[in-house]
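Written out below as C-alpha cells is the structure these notes cover.
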Amino acid sequence: ESGTGKELAARALHGLSPRAGRPMITVNCPALPEHILESELFGYRKGAFTGADRDKIGLFVEADGTTILLDEVADIPVSVQTKLLRVLQEKEVQPLGQNKTFAVDVRVIASTNQDLEAKIRRGEFREDLFYRLNVMTVTMPSLSEMVSDIPLLAQHFLERFSREHGRDGLEIGSEALQALMQRPWPGNVRELQNLINRAVLLFEGPVIGVSDLWEEVSAAPSGAGEAAS
C-alpha cells in the first residue's frame with residue numbers, strides 16, 4: 001500500500017549489501033513522461049532526436065556496480081517495459097541512437113502499490129518482465145497490521161521533528177498514544193509521520209494530547225481520550 005515505506009525498505013536492502021559503498025539511484029517512474037523516462041533510463045547519443053545536443057549517460061549505466069530502484073514500476077509504459085526486459089535479460093544497455101551496447105552490473109529493486117498480475121491480464125504489463133523482476137518479493141505490511149509498532153514510530157517521528165523544528169522536551173500523552181493505536185491509518189506510516197509533524201508544529205503544551213493530534217473531534221478515533229478500562 002501507499003505510505004508503507006517501500007523506498008525506505010529498498011534503501012535498507014541496499015545499505016546492507018556489498019554495493020552500499022555507492023549511492024542507490026532512485027527513479028520515480030510515474031513522474032516522467034514516456035520519452036523522457038526512456039532517455040533517462042537508457043541514455044541517448046547526440047542527435048538521436050530533436051533537442052539531443054549532447055550524449056547522455058543513462059541511469060542504468062550510472063548504476064553500474066550499485067542499486068537502482070524503479071519506484072512504482074507498474075506505471076512504466078509497455079514500450080519502455082520491452083527495453084527494460086532486454087536490459088535485465090542481457091545485462092547490457094543500448095542508448096537511443098547508439099549501435100554500441102554497454103555491459104552493466106546493476107541490482108534492480110522495483111516497488112509498486114498496484115496489482116501487477118491484474119495489469120498483466122489487462123495487457124498493461126508484460127508477463128515476462130513481471131517474472132524477470134519477481135525473483136524475491138517483499139510485501140510491506142500496512143500500519144493496521146503492526147499496531148504494536150505505532151508507539152515506537154510515533155516516538156521516532158516526535159524526536160525527529162522536535163529536532164527539526166527546535167521543540168525540545170516534547171512527549172506524547174498516554175491517551176494520545178491510545179488514540180493513535182485505534183486509528184485505521186489508510187495512509188499508513190506516511191500519514192502517521194505527517195500527523196506527528198503537524199502536532200509538533202502547532203501544539204501549545206509540553207505533552208501532546210488527543211486534541212493536538214486532530215484538528216476536529218470528529219476526526220479522532222471513536223473513544224479517543226477516554227480512560228482505558
**Message:** Return the NE2 to CG distance between His165 and Asn197, rounded to the nearest 0.5 Å.
**Reply:** 4.0 Å
Taking all non-hydrogen atoms of both residues into account, name the closest pair between [X] and [Y] and its distance.
X	Y	value
Val61	Val104	CA-CG1, 4.0 Å
Met140	Ala9	SD-CB, 3.7 Å
Met181	Pro151	SD-CG, 3.7 Å
Tyr44	Ser39	CD2-CB, 3.5 Å
Asp212	Ala199	O-CB, 3.6 Å
Pro23	Thr66	O-OG1, 3.1 Å

Do [X] and [Y] have side-chain N/O donor and acceptor atoms under 3.5 Å apart?
X	Y	answer
Asn113	Ser2	yes
Gln155	Glu159	yes
Gln114	Asp75	yes
Ser111	Asp71	yes

**Asked** Same cluster for Met24 and Val93 if Ile/Leu/Val/Met/Phe/Trp/Tyr side chains link at under 4.5 Å?
**Response** no
**Prompt:** If two hydrophobic side chains count as joined below 4.5 Å and joins carry through other members, does Leu32 share a cluster with Ile57?
**Reply:** yes
**Asked** Where do Glu117 and Arg121 land on the salt bridge (Lys or Arg N to Asp or Glu O under 4.0 Å) test, with the steps shown first?
**Response** CA-CA 6 Å; Glu117 291 174 315; Arg121 292 192 292 270; 5.5 Å; no
**Fill in**
Exactly one of Leu37, Leu59, Leu96, Val80 clears side chain to side chain contact (heavy atoms under 4.5 Å, CB included) with Phe42, and that residue is Val80
**Message:** Taking the basic N atoms (NZ, or NE/NH1/NH2) and the acidic carboxylate oxygens, is any pair closer than 4.0 Å for Arg11 and Glu7?
**Reply:** yes
**Request:** Could you pull out all residues at least two apart from Leu8 that satisfy side-chain contact (heavy atoms from CB on, under 4.5 Å)?
**Result:** none
**Partner set under side-chain contact (heavy atoms from CB on, under 4.5 Å) for Arg107, not counting sequence neighbours** = Ser17, Arg19, Thr67, Ile109
Ignoring hydrogens and angles, write down the donor-acceptor pairs under 3.5 Å from the side chains of residues 130-137, residues two or more places apart or on other chains.
| residue | atom | partner | partner atom | Å |
| --- | --- | --- | --- | --- |
| Asn134 | OD1 | Thr137 | OG1 | 2.4 |

